[in-house]
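Accompanying notes for the structure given below.
These numbers come from the heavy atoms of this one structure, side chains and all, not from hydrogens, waters or symmetry mates.
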Protein chains: 2
Amino acid sequence: MAKRESNVDRVYEALRRMAADFAFKPDQRINESALSEVLGASRTPLREALNRLVAEGFLTFQNNRGFFCRPLTPSYIMDLYEARVAVECEATRLACTRASDEDIAALADYLNRMEPEYQSATDPEALLAMDESFHARLAQLSGNSELQRILNNLNGRIRYIRLIDLKRMRDRAGGKAPGDISAHRQIVEGIAARNAEAATAAMRSHIEKRREEATEAVRIAFSQLYVPDE
Amino acid sequence: MAKRESNVDRVYEALRRMAADFAFKPDQRINESALSEVLGASRTPLREALNRLVAEGFLTFQNNRGFFCRPLTPSYIMDLYEARVAVECEATRLACTRASDEDIAALADYLNRMEPEYQSATDPEALLAMDESFHARLAQLSGNSELQRILNNLNGRIRYIRLIDLKRMRDRAGGKAPGDISAHRQIVEGIAARNAEAATAAMRSHIEKRREEATEAVRIAFSQLYVPDE
DNA sequence: GAATTCTAAACTGAATACAATTTTGACAAG
DNA sequence: CTTGTCAAAATTGTATTCAGTTTAGAATTC
C-alpha cells in the first residue's frame, strides 16, 4: 500500500490552519517539542513545515530562538489588503482581455446560484468561504497562476481578521450577515462588458471598503486574542 | 564567541543564489546528499532551506521524489512579469499619495547620480543591479512591506531571464548596453507631480515593454541551459 | 527591595542512523 | 527490439541523539 501523503504535508496543513486561525497568539514563541507531540511527528518534519510557513509569512523566525507567530498590527493588515488590491485589480484587468465568454458566464452563473445561500447565510465561516471562492475563481480567469498563488497566500493571512469582521457585522445587524453580492456582480458585469476600467474600479472600491472595516476588526481581534482566552 | 548566522541561513542564501542563477537546470532533480556535501552541512539544515525555497517558488517538491528546480517556460515568465505589473503599479500609485517630497526627491537624486554609470555600463550584472535597486527603492516609497516582499521574490525568480535579455541587447548593440533611464525618470516625475494615472501608466508600459523582450530571452535561456553546458 | 550574577533546566541546531520508497539495470519473455 | 519483472542500489523520510544557546530562577550584593 503506497502512502500518498507525507508526514510533512500533513503537519504543514495542520500548521497552516493553526497559523491562519491564530491558534498561536501573535508574537507567541512556538515550542517545537510540545508541538511535535501534539501533531504526532518528530521535530525534523515539523521544522521543515515551519520553515515553509516562515517563507509564506505566516510565521517568523529568529536565530537560536526559534519560530514565532506573525504579529498582528493594523499596519500589517493594511499592507495585506493593499497587496490584495494590487493582485486582484490586475487579475481583473487580465480577465477582461483574456477570459473566454464561457468562463465569464460560468462565474456569473456561480454568483447567481450562490446568491440565495449567500443572502440567507448567517455563519461567518460559510460566508467567508463563498466570498473567497468567488475571488479565487475570478483570479483564475486571469490565467495567471502567480497571481492566484499570491492571492491565496494573502487570503490565508487575512482570513482571521475577515472572520472577526464578518462576526462583528452579523452581531451589529442582529444575526443577519451582510449579503453584499452586488459588488461582486458589478465586477463580473464589468468583465463581461470587457470594460477593464469599470471592472478594476469596482474591484478596487470593493476591497478598499473591506479594508476600512478591517482596522476596527483588528482592534477586536487583538482583544479576543489577548484578553478572554478561556 | 557567539555565532551570529546559523547554518540554515548560510545554506539558504547559497541555495537562493544558485536557484536564481539556474545553477540547477529547469526541472532537474536535486540530490540532497551530494548538495549537502558541496555546501558543507548535513541534510537536516539543507532540507529546511530547501523547504523555504519551495514556499518561495524557486523550487518544487514531490513526495518521496525530492526537490526539483522550477521549470522555465514562456508562460511562467509571462506570469511573473504580469505579477510585477500588478505589484509595481500599485506601489507606484501608493507612492503618489503617500511618499514625502523628500523621499521622492531622494529617488530622483539617486536616478541622477546613477545616470552616468548607467549610461556607460556594459556589464549586464551591474546594469541589472542598478535597475533592480531603482525598482526596490520605488517600492519602498509605497510604505507597504508586503508589496516590497512580493516584488523581491518575483525579481529573484525573473533575474536570470532579465540577465539573458540584457546580454542579448548588449550584443546586438555592439557592446553597448541599453541605458534606458528615461522610463524611470518618467515614472518618478509622475510621482513627484502626484499624478497617479501618469505614473502608473509609465510603470506599466515600462514593465510590459520588458516583458515583450523576455519571451525571446526565454528561448535563448532555454538553449543556454540545455545545449552548451561545458 | 532592586539589580546582578550565576547555575540548572529548557530549548534550539544539526549530525547521524535507520526505515521506507523510488530508481536503475540486468535479465527473461513475448 | 520491446516490454515486463525483480532485486540491488540509491535516495528520500523521519526519529533520535547530543552539542550549543537561551531562558528562568535562585542566590548574592548593594
Side-chain angles (χ1 to χ4, degrees), chain A residues 1-19 23-71 226 229, chain B residues 1-19 23-71 226 229:
Chain A
M1 171 99 69
K3 187 164 67 168
R4 282 271 156 260
E5 196 187 42
S6 83
N7 222 344
V8 178
D9 284 344
R10 186 177 57 76
V11 168
Y12 168 80
E13 292 298 338
L15 285 175
R16 192 185 198 273
R17 221 169 301 127
M18 290 171 77
F24 314 111
K25 308 257 175 283
D27 286 315
Q28 178 195 341
R29 184 175 180 169
I30 292 168
N31 185 318
E32 296 173 16
S33 313
L35 191 55
S36 74
E37 261 192 39
V38 170
L39 296 174
S42 77
R43 280 177 57 220
T44 309
L46 170 62
R47 282 179 62 107
E48 292 189 10
L50 288 169
N51 270 286
R52 283 197 213 174
L53 290 161
V54 168
E56 291 173 356
F58 284 95
L59 304 174
T60 64
F61 175 77
Q62 288 177 47
N63 246 327
N64 289 318
R65 305 215 327 115
F67 298 87
F68 297 79
C69 184
R70 69 192 183 287
Y226 283 112
D229 214 15
Chain B
M1 174 98 71
K3 188 164 63 170
R4 282 271 155 263
E5 196 186 44
S6 81
N7 223 344
V8 179
D9 284 344
R10 186 177 57 76
V11 168
Y12 168 79
E13 292 298 338
L15 285 176
R16 192 185 198 272
R17 221 168 303 126
M18 291 171 76
F24 314 111
K25 307 258 174 283
D27 288 315
Q28 178 196 340
R29 183 177 181 166
I30 292 169
N31 185 317
E32 296 172 16
S33 312
L35 191 55
S36 75
E37 262 191 39
V38 171
L39 296 175
S42 75
R43 282 176 55 220
T44 309
L46 170 63
R47 282 179 61 107
E48 291 188 11
L50 288 169
N51 271 286
R52 283 197 215 174
L53 290 161
V54 168
E56 290 173 356
F58 284 94
L59 304 175
T60 63
F61 175 78
Q62 288 177 48
N63 246 326
N64 289 318
R65 307 218 323 118
F67 297 88
F68 297 78
C69 184
R70 68 193 182 288
Y226 282 111
D229 216 16

Filtered N/O pairs between nucleotides 9-12 of chain D and protein, under 3.5 Å:
{"residue": "D:dT11", "atom": "OP1", "partner": "B:N31", "partner atom": "ND2", "Å": "3.0"}
{"residue": "D:dT12", "atom": "OP1", "partner": "B:I30", "partner atom": "O", "Å": "3.0"}
{"residue": "D:dT12", "atom": "OP2", "partner": "B:E32", "partner atom": "N", "Å": "3.3"}

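- The interatomic distance linking A:E48 (CD) with D:dA15 (P) rounds to 11 Å, in whole Å.
- Applying the salt bridge (charged side-chain N to carboxylate O under 4.0 Å, His left out) test to every pair with at least one member in residues 51-63 of chain A, sequence neighbours left out, gives these pairs: A:D9-A:R52.
- Here the P atom of nucleotide D:dT14 and the OH atom of A:Y12 are 16 Å apart, to the nearest Å.
- Residues passing the side-chain hydrogen bond (donor to acceptor under 3.5 Å, both in side chains) test with B:R10, sequence neighbours excluded: B:N7.
- The stretch residues 28-53 of chain A participates, sequence neighbours left out, in no ring-ring contact (aromatic ring centres under 6.0 Å, His included) pair at all.
- In this view, B:R43 and B:E32 satisfy the side-chain hydrogen bond (donor to acceptor under 3.5 Å, both in side chains) rule, not counting sequence neighbours.
- The list of ring-ring contact (aromatic ring centres under 6.0 Å, His included) pairs with a residue in residues 24-63 of chain B, not counting sequence neighbours, reads B:F61-B:F67.
- Counting distance only, with no hydrogens placed and no angle test, the side-chain atoms of B:S42 and the base atoms of C:dA14 include no donor-acceptor pair under 3.5 Å.
- Straight-line distance from the CD atom of A:E37 to the C1' atom of C:dA10: 14 Å, rounded to whole Å.
- Atoms CG (A:L46) and C1' (D:dT16) sit 15 Å apart, rounded to a whole Å.
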Show the distances under 3.5 angstrom between N or O atoms of the protein and N or O atoms of nucleotides 5-8 of chain D.
none

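- Sorted by first and then second residue, the ring-ring contact (aromatic ring centres under 6.0 Å, His included) pairs with a member in residues 33-55 of chain B form an empty list; sequence neighbours excluded.
- For residues 30-56 of chain A, no residue pair satisfies the ring-ring contact (aromatic ring centres under 6.0 Å, His included) rule, not counting sequence neighbours.
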Steps toward side-chain contact (heavy atoms from CB on, under 4.5 Å) verdict (B:M18, B:L35): CA-CA 11 Å; B:M18 291 171 76; B:L35 191 55; 4.1 Å; yes
